[in-house]
Amino acid sequence: MRTKGLLFVFAVILVCFVLMGTASADYGYTEVSQIPMAVDFSVRVEFDDAGFPHIVTDYPFESTGATQMNLTYNKGDIAEAVTLQYRYPSGTTSVSGYNGKLYDYAHLGDAYQAIRSGDLTLDDRICINTSRFSPETDWFLVYSAGTGRYVEYTERTHAQAFNAMGSGGVAKSVFYIADRINSSCVQKRTDNADLVVERDMAGDISSAYITQYSPQYGIYYYDQYTGLFDGHPITELGFEESDLEIEALAAMGDRTGDVITSVSVEPDLPVIRVTERSSFKAIGGLLAGIMIGITLYYLFRRRKAKPAEKKAEEKNTDGNSVADSVSQQEETFDTTVKSIQGH
């Protein structure tokens with residue numbers, strides 16, 4: 001009987017842990033510390049005798065699988081004037097991009113000199129990434145030089161560069177503040193349009209829009225109450241309904257659904273729309289609490305009953321049988337009754 005009781009307690013505790021797990025929706029890299037590639041490193045730019053720049057860094061490319069580091073320089077308010085790229089394992093530095101209105105390939109020496117003189121300033125964002133640049137998935141980490149923290153992690157298919165993606169690609173990004181997830185974003189690209197879906201830290205849609213480049217340029221914003229993009233169904237703008245449901249790369253807390261359900265009302269009355277929310281996780285947490293309470297109550301009763309059982313066993317093992325003990329109790333009771341009656 002004792003074995004069955006222990007098995008019952010073990011089963012209940014196991015179920016409680018399972019239900020407690022369903023009450024939490026955390027998944028993916030919700031904290032920077034969970035990203036194995038997000039390690040400390042140092043970086044600087046040195047110039048050789050010929051005036052060519054070289055990126056010098058101790059980032060562990062081999063152990064993390066990264067193959068590139070990109071440093072972008074700005075000129076005043078002009079972003080991405082020049083980008084220097086370090087390639088591992090060759091250890092070489094080259095210019096991977098530049099603003100054609102400021103420099104051209106034949107005059108990159110002017111850009112090098114501008115970096116040395118401080119006329120070009122290093123952008124706050126340093127990107128470390130893989131470079132398959134194919135339908136396979138590449139990952140991209142963004143480090144903030146100003147805060148000394150990693151602020152973004154992205155996984156992207158059909159990548160073409162650290163900041164470019166081709167048609168058919170899907171990019172999933174997580175944005176961090178103080179090393180903790182703040183929001184996320186999913187971007188899907190077709191031949192002539194981009195769908196961007198922004199989500200909060202719980203994975204719920206906070207905003208979305210489609211940028212269409214042809215047959216005419218236009219930006220269409222998502223209305224969560226109608227499910228339309230400025231009056232247009234998503235399928236009319238070149239995407240599928242399921243594209244809105246692409247899961248974020250990471251989320252935390254109790255997630256809620258993104259499904260919008262219409263409530264029928266009489267004409268001329270305001271339309272009420274209700275967002276369906278997933279209640280399973282909350283129910284799971286409630287059930288886990290109830291079952292834990294029942295388990296603790298059961299254990300308390302068992303523990304409380306043991307001393308009484310032990311005393312009864314000790315009393316009944318003084319050389320007398322259980323029947324003798326009962327007989328003695330009956331005699332005592334009978335004597336007591338007669339004594340009372342005698343009075």
Side-chain angles (χ1 to χ4, degrees), residues 23-30 79 137 140 142 151-159 163-177 180-283:
S24 174
D26 291 8
Y27 69 92
Y29 299 138
T30 57
T137 301
F140 304 81
V142 176
V151 295
E152 181 182 331
Y153 174 73
T154 298
E155 292 182 0
R156 182 184 298 137
T157 62
H158 292 272
N163 57 354
M165 179 174 67
S167 177
V170 174
K172 299 182 177 182
S173 302
V174 185
F175 306 99
Y176 302 92
I177 293 180
R180 190 178 180 85
I181 184 174
N182 179 65
S183 62
S184 64
C185 179
V186 175
Q187 178 183 6
K188 182 175 181 180
R189 173 161 292 176
T190 64
D191 288 335
N192 67 332
D194 280 306
L195 166 66
V196 176
V197 181
E198 298 173 338
R199 298 178 179 272
D200 59 24
M201 65 176 64
D204 296 322
I205 295 178
S206 56
S207 65
Y209 61 91
I210 292 174
T211 303
Q212 198 171 60
Y213 305 103
S214 64
Q216 61 182 13
Y217 181 83
I219 301 178
Y220 305 87
Y221 294 94
Y222 178 65
D223 184 336
Q224 64 175 337
Y225 296 106
T226 64
L228 303 176
F229 288 80
D230 282 336
H232 298 272
I234 189 172
T235 52
E236 188 178 297
L237 299 174
F239 295 92
E240 303 295 329
E241 291 285 353
S242 59
D243 292 337
L244 269 177
E245 301 173 5
I246 298 176
E247 191 172 56
L249 193 59
M252 64 185 301
D254 294 329
R255 284 187 293 170
T256 59
D258 300 319
V259 181
I260 306 298
T261 303
S262 297
V263 177
S264 299
V265 295
E266 296 296 328
D268 301 325
L269 292 179
V271 177
I272 302 174
R273 300 186 183 275
V274 182
T275 303
E276 292 182 350
R277 295 183 178 272
S278 174
S279 59
F280 175 72
K281 299 184 183 300
I283 293 174

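What you see is a predicted model, and the numbers here were worked out from it, not measured in a lab. Here, residue 1 is the first one in the sequence, and each next residue gets the next number.
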Undergrad: Heavy atoms, side chains only, cut-off 4.5 Å: are Val197 and Ile246 in contact?
TA: no

Undergrad: What pairs meet the side-chain hydrogen bond (donor to acceptor under 3.5 Å, both in side chains) rule with one or both residues in residues 163-176, with sequence neighbours excluded?
TA: Thr154-Ser173, Ser167-Asp191

Undergrad: Taking all non-hydrogen atoms of both residues into account, name the closest pair between Met252 and Ile181 and its distance.
TA: SD-CG2, 3.3 Å

Undergrad: Flag the pair His158 / Arg189 as yes when at least one side-chain heavy-atom distance between them is below 4.5 Å, and no otherwise.
TA: no

Undergrad: List for me each residue that meets ring pair (Phe, Tyr, Trp, His ring centres under 6.0 Å) alongside Phe229, sequence neighbours excluded, and say none if there are none.
TA: Tyr222

Undergrad: Please report the shortest heavy-atom distance between Gly238 and Thr190, naming the atom on each side.
TA: O-CG2, 4.0 Å

Undergrad: Mind checking side chain to side chain donor-acceptor pair (under 3.5 Å) for Thr157 and listing every partner two or more places apart, or none if nothing turns up?
TA: none

Undergrad: Could you measure the distance from the CG atom of Leu244 to the NZ atom of Lys188? Nearest 0.5 Å is fine.
TA: 10.5 Å

Undergrad: List, one per line, each side-chain donor-acceptor pair under 3.5 Å for residues 206-216, sequence neighbours excluded.
TA:
{"residue": "Ser206", "atom": "OG", "partner": "Glu198", "partner atom": "O", "Å": "3.1"}
{"residue": "Ser207", "atom": "OG", "partner": "Glu198", "partner atom": "OE1", "Å": "2.5"}
{"residue": "Tyr213", "atom": "OH", "partner": "Asp194", "partner atom": "OD2", "Å": "2.7"}

Undergrad: Among residues at least two apart in sequence or on other chains, which ones pass ring pair (Phe, Tyr, Trp, His ring centres under 6.0 Å) with Tyr153?
TA: Tyr29

Undergrad: Which atom names give the shortest non-hydrogen contact between Ala248 and Tyr27, and what distance separates them?
TA: O-OH, 3.1 Å

Undergrad: Can you confirm whether more than 12 heavy atoms, excluding those of Glu240, are under 6.0 Å from its CD atom?
TA: no

Undergrad: The criterion is ring pair (Phe, Tyr, Trp, His ring centres under 6.0 Å); which residues satisfy it with Tyr220, sequence neighbours excluded?
TA: His232

Undergrad: From Thr137 OG1 over to Arg156 CZ, what is the distance, rounded to the nearest 0.5 angstrom?
TA: 11.0 Å

Undergrad: Once rounded to the nearest 0.5 Å, what's the spacing between atom CZ of Arg199 and atom OG of Ser183?
TA: 12.0 Å

Undergrad: Please give me the minimum heavy-atom distance between Ile219 and Asp230, naming the atom from each residue.
TA: O-OD2, 3.6 Å

Undergrad: I'd like to check Gln224 versus Ile205 (side-chain heavy atoms, cut-off strictly below 4.5 Å). Are they in contact?
TA: no

